[in-house]
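Since the model is a prediction, treat every value here as computed from it, not as a measurement.
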Amino acid sequence: MFELKYQTPFAWTEAVLADFDTFLQDHAAAEKKASGMALSMLSHYPDRTKLVRAMADLAIEELIHFKEVIKILEERKVTLGNDQKDPYIHEIRALFRKGTDVFFLDRLLVGAVIEARGYERFSLVAQALPAGKEQAFYQQIADSENNHKNLFVELAYEYFEKRIVDQRLEEILIAEGEICARQPFRAALH
């Protein structure tokens, strides 16, 4: 549906594999926050029936992913850990414009781009892991992120003109690429 402007280099994957337990803790936190974001969206836009249904499903799915990551952490005898500030999320959320409609559009499109970045990076993790349960899990997570990316764009098209959506999406993709290029590589999704 769209392409990211920045391609994550293998050095990021190496940083993740060098401290995979920390990556798992960060992944768990990301899933929990994604579930909360979906609940926030449906709470803020209760009159958008299609969005409410989609975000309810998304919140449940993200919480199931959270539970699955907790299970992997427990198998590895690693505690959940405290949530850490995510500088990438902080910067990308700064792209939200003021104003009811443009803020709503930006929330949808930033959500799509975050999910697209998740798809890319979880795919890299899946490719780098040895064959087995964790590799299969990360491929499943990557596929799920790809579906979520498409969901957010479809919702944007539901509520806004395609031309407006496409123009703003391009702007966000350019900004997101610049944000990614500034981030240090660490054992975290972003």
Counterpart residues, side chain to side chain contact (heavy atoms under 4.5 Å, CB included), relative to Gln167 (two or more places apart): Arg163, Glu171
Give every donor-acceptor pair under 3.5 Å between a side-chain atom in residues 150-161 and any protein atom, sequence neighbours left out.
| from | atom 1 | to | atom 2 | distance (Å) |
| --- | --- | --- | --- | --- |
| Asn150 | ND2 | Asn146 | O | 3.4 |
| Tyr157 | OH | Asp166 | OD1 | 2.4 |
| Glu158 | OE1 | Lys50 | NZ | 3.4 |
| Tyr159 | OH | Leu51 | N | 3.2 |

Residue pairs passing the ring pair (Phe, Tyr, Trp, His ring centres under 6.0 Å) test where at least one lies in residues 31-51, sequence neighbours excluded: Tyr45-Phe104
Selection residues 95-109 - residue pairs positive for salt bridge (Lys or Arg N to Asp or Glu O under 4.0 Å), sequence neighbours left out: Arg97-Asp106, Asp106-Arg168
Separation between CD of Glu145 and CD1 of Ile114, rounded to the nearest 0.5 Å: 10.0 Å
Partner set under side chain to side chain donor-acceptor pair (under 3.5 Å) for Lys85, not counting sequence neighbours: none
Separation between CD of Glu62 and NZ of Lys32, rounded to the nearest 0.5 Å: 13.5 Å
Separation of Ser40 OG from Met55 CE (nearest 0.5 Å): 11.0 Å
Atom of Pro87, atom of Gln183 and distance for their closest heavy-atom approach: CB-OE1, 3.6 Å
Distance-minimising heavy-atom pair for Ala128 and Thr13: CB-CG2, 3.5 Å
Nonpolar side-chain network containing Ile174, other nodes, edges under 4.5 Å: none
Check: Tyr119 main-chain N/O paired with Ser123 side-chain donor or acceptor under 3.5 Å: yes
Donor-acceptor pair, side chain of Gln84 and main chain of Asn82, under 3.5 angstrom: yes
Residues forming a side chain to side chain donor-acceptor pair (under 3.5 Å) with Lys5, sequence neighbours excluded: Glu170
Distance, nearest 0.5 Å, that separates NZ of Lys67 from CD of Glu31: 14.5 Å
Full working for side chain to side chain donor-acceptor pair (under 3.5 Å) between Gln25 and Asp21: CA-CA 6 Å; Gln25 290 172 319; Asp21 289 346; over 6 Å; no
Heavy-atom pair of closest approach, residues Ala116 and Lys149: CB-CD, 3.5 Å
Point-to-point distance, once rounded to the nearest 0.5 Å, from CD1 of Ile60 to OG of Ser35: 8.5 Å
CG on Leu109 to CG on Leu173, rounded to 0.5 Å: 8.5 Å
Any residue meeting ring-ring contact (aromatic ring centres under 6.0 Å, His included) with Phe103, in chain and number order, not counting sequence neighbours: Phe96
Derivation of the side chain to side chain contact (heavy atoms under 4.5 Å, CB included) call for Glu75 and Lys133: CA-CA 12 Å; Glu75 289 169 359; Lys133 186 169 63 170; 3.2 Å; yes
Contact check, side chains of Val113 and Leu4, non-hydrogen atoms, under 4.5 Å: yes
Remaining members of the apolar cluster that contains Leu124, side-chain heavy atoms under 4.5 Å: Tyr6, Trp12, Val16, Leu17, Phe20, Phe23, Leu24, Leu63, Phe66, Val69, Ile70, Ile72, Leu73, Val78, Leu80, Phe122, Val125, Leu129, Phe137, Tyr138, Ile141, Phe185, Leu189
Ion pair Lys33/Asp86, N-O distance below 4.0 Å: no
Qualifying salt bridge (Lys or Arg N to Asp or Glu O under 4.0 Å) pairs, either residue in residues 173-190, two or more places apart: Glu91-Arg182, Arg117-Glu176
All side chain to side chain donor-acceptor pair (under 3.5 Å) counterparts of Glu61, not counting sequence neighbours: Ser144, His148
Heavy atoms of other groups near Arg76 CZ, more than 12 under 6.0 Å: yes
Results of side chain to side chain donor-acceptor pair (under 3.5 Å) for Gln140 - residues two or more places apart only: none
